[in-house]
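Below, chain A is the first sequence line, B the second, and so on; all start at residue 1.
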Protein chains: 2
Amino acid sequence: MAQSTQREKVAAKEEAILDAAHAVFSESGVDGAKVSVIAQRAGVALGTIYLYYKNKAELLDAVVARFWQRLTQGARDAVSGKATALEQIDALAHYHLSSILADMPFVGLTSIVRIQPQADSHHISHVREYVRVFDQIISRAIDRGDLTNPPPLWQMRDLFYGSLEYMARTLDLNQKTFDSSAVTNLTRVFQHSFFGASEVRTTVSASAADQILARLDRIEAALTPKRIGT
Amino acid sequence: MAQSTQREKVAAKEEAILDAAHAVFSESGVDGAKVSVIAQRAGVALGTIYLYYKNKAELLDAVVARFWQRLTQGARDAVSGKATALEQIDALAHYHLSSILADMPFVGLTSIVRIQPQADSHHISHVREYVRVFDQIISRAIDRGDLTNPPPLWQMRDLFYGSLEYMARTLDLNQKTFDSSAVTNLTRVFQHSFFGASEVRTTVSASAADQILARLDRIEAALTPKRIGT
DNA sequence: TTGCAATATGATCTTAATTCATTTTTACTG
DNA sequence: CAGTAAAAATGAATTAAGATCATATTGCAA
């Protein structure tokens with residue numbers, strides 16, 4: 001700890017406690033994690049933990065909160081470069097799956113937080129913030145008219161995150177690493193079920209090329225006055 | 001307890017303990033549940049619990065095991081009357097969603113069991129048995145040739161159960177009861193993404209077409225000031 | 001350097017899981 | 001039906017871990 005100000009020292013210690021707690025919770029589960037071990041790992045005395053967090057449950061809350069915050073930031077970054085809704089969905093799915101896979105033991109824990117009768121309002125608001133990344137992608141696509149006759153947003157959201165969490169569990173259980181086919185297929189589901197206009201599904205694919213050509217013609221025509229940069 | 005034989009008495013007492021445990025775990029969560037309260041609720045002395053189960057964790061395991069067994073039986077019954085794969089999927093989704101909704105506080109708990117380092121092999125095998133109902137529907141459909149070029153079974157399975165669990169959580173969170181549109185839309189996703197639309201994926205180089213479409217989307221997005229008609 | 005407020009410590013307290021010596025019930029025998 | 005040995009049940013005592021708090025240490029300003 002080579003911090004100058006007191007504030008920095010305190011912040012660093014808080015970080016150390018959260019890091020230790022994250023590790024110990026991941027290794028031993030919530031019940032198995034001993035506060036004394038967390039304290040030891042963080043290089044502070046047992047009582048110090050209770051200076052920063054009221055009890056074990058609040059410590060877990062803090063670790064979970066930090067987890068969601070980081071995840072949210074990462075998700076925004078992952079999506080930012082992509083143009084179309086489907087590309088964004090694909091990028092988000094890729095990011096989400098690889099992120100939770102990288103932290104599986106901890107992710108298993110987070111569902112626990114929900115159980116605590118009180119105080120999960122924090123938790124919920126963090127999750128809300130996180131899934132807003134997805135919601136915005138879809139909302140924009142709907143505004144743009146990309147989705148014809150879409151189901152309620154929450155159903156698409158639950159389909160997306162529910163599928164990915166379960167896939168992550170399966171991959172983890174089978175000692176597999178990231179599987180890009182899972183992401184591709186999920187994106188494809190979105191494409192076929194929600195994005196693809198009803199005609200794409202009903203009429204035959206043979207006309208796909210014709211459709212594309214027709215659309216290119218339309219775009220080209222629309223572009224003639226204007227110019228597109230690289 | 002008006003049982004005649006000793007065996008029946010013991011079985012009845014075991015049932016009573018499991019019932020009490022199920023209730024108390026649901027009400028208070030795993031940590032909050034006191035074994036003494038469970039014992040009281042079951043009408044036995046504290047020590048008696050430990051005659052039937054080695055510790056609290058094993059008691060939870062037993063409750064969870066019974067939960068999965070009942071769920072499996074119910075799922076088989078729910079599917080048995082239906083003829084086509086899509087009807088069976090719809091019936092299973094309906095059954096699964098309403099079942100876990102009816103027992104949400106407990107369902108939240110079950111994910112915990114996975115955390116315990118040891119002994120979840122039981123748990124996993126129960127879950128495997130349960131999801132076999134789904135797997136068989138899909139396998140038969142594949143054999144029958146209903147699915148052309150399907151994704152791996154586990155991905156469809158995780159999509160199915162993951163979506164439903166998340167939908168259940170959302171409904172529960174919003175104090176909603178069963179929502180049949182959620183089931184309908186999930187079934188529709190299966191129909192459009194896996195069952196129908198065989199040509200789309202098989203014939204035309206799907207990836208190439210997708211890439212072109214994605215690029216068109218990007219171009220179209222870049223044109224946002226100008227609107228392109230259909 | 002001194003004094004004081006902010007921090008940190010870990011022995012102590014408390015609560016709840018688990019054990020086990022004792023009691024009660026059951027089932028069998030003469 | 002009494003006697004009795006095994007099985008089942010009990011709850012006081014033990015143990016483990018979370019939480020508290022009186023005391024000690026540190027950082028900072030005058």
Closer than 4.0 Å, any side-chain N/O of [X] to the OP1 or OP2 of [N]?
X: B/Tyr50; N: C/dT19; result: no
X: A/Thr48; N: C/dT9; result: yes
X: A/Tyr52; N: C/dA8; result: yes
X: A/Lys13; N: C/dT7; result: no
X: B/Tyr53; N: C/dT18; result: no

DNA chain D: 5'-proximal contact among A/Lys54 and A/Lys34 (nearest heavy atom):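 Counting from the 5' end, the first nearest nucleotide belongs to A/Lys34.
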
Quickly work out the [X] [atom1] to [N] [atom2] distance and round it to whole Å.
X: A/Ile38; N: D/dA19; atom1: CD1; atom2: P; answer: 11 Å
X: A/Leu51; N: D/dA22; atom1: CG; atom2: P; answer: 15 Å
X: B/Ile49; N: D/dG11; atom1: CD1; atom2: P; answer: 13 Å
X: B/Glu58; N: C/dA17; atom1: CD; atom2: P; answer: 16 Å
X: A/Asp31; N: D/dA16; atom1: CG; atom2: C1'; answer: 13 Å
X: A/Leu60; N: D/dG18; atom1: CG; atom2: P; answer: 13 Å
X: B/Gln40; N: C/dA16; atom1: CD; atom2: C1'; answer: 14 Å

Would you mind telling me which of [options] lies closest to the side-chain atoms of [X]?
X: B/Val35; options: D/dA9, D/dG18, C/dA17; answer: C/dA17
X: A/Lys56; options: D/dG18, C/dT9, D/dT10; answer: D/dG18
X: B/Leu46; options: C/dA11, D/dA9, D/dA12; answer: D/dA12
X: A/Ala45; options: D/dA17, C/dG10, D/dG11; answer: C/dG10

Distance, nearest 0.5 Å, that separates CD1 of B/Ile138 from CZ of B/Phe190: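 With rounding to 0.5 Å, CD1 (B/Ile138) is 5.5 Å from CZ (B/Phe190).
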
Distance (rounded to the nearest 0.5 Å) between A/Asp19 CG and A/Glu14 CD: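 Here the interatomic distance stands at 11.0 Å.
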
Geometric class of the A/His94/A/Phe178 ring pair [parallel <30°, tilted 30-60°, perpendicular >60°]: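 Judged by the thresholds at 30° and 60°, the geometry between A/Phe178 and A/His94 is tilted.
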
Geometric class of the B/His96/B/Tyr161 ring pair [parallel <30°, tilted 30-60°, perpendicular >60°]: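 Perpendicular.
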
Sugar-phosphate, base or nothing in reach of B/Ala39, heavy atoms under 4.0 Å: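 The residue B/Ala39 makes no contact with any strand.
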
B/Phe67/B/Phe25 under ring pair (Phe, Tyr, Trp, His ring centres under 6.0 Å): CA gap, chis, key distance, verdict: CA-CA 13 Å; B/Phe67 175 79; B/Phe25 278 135; over 10 Å; no

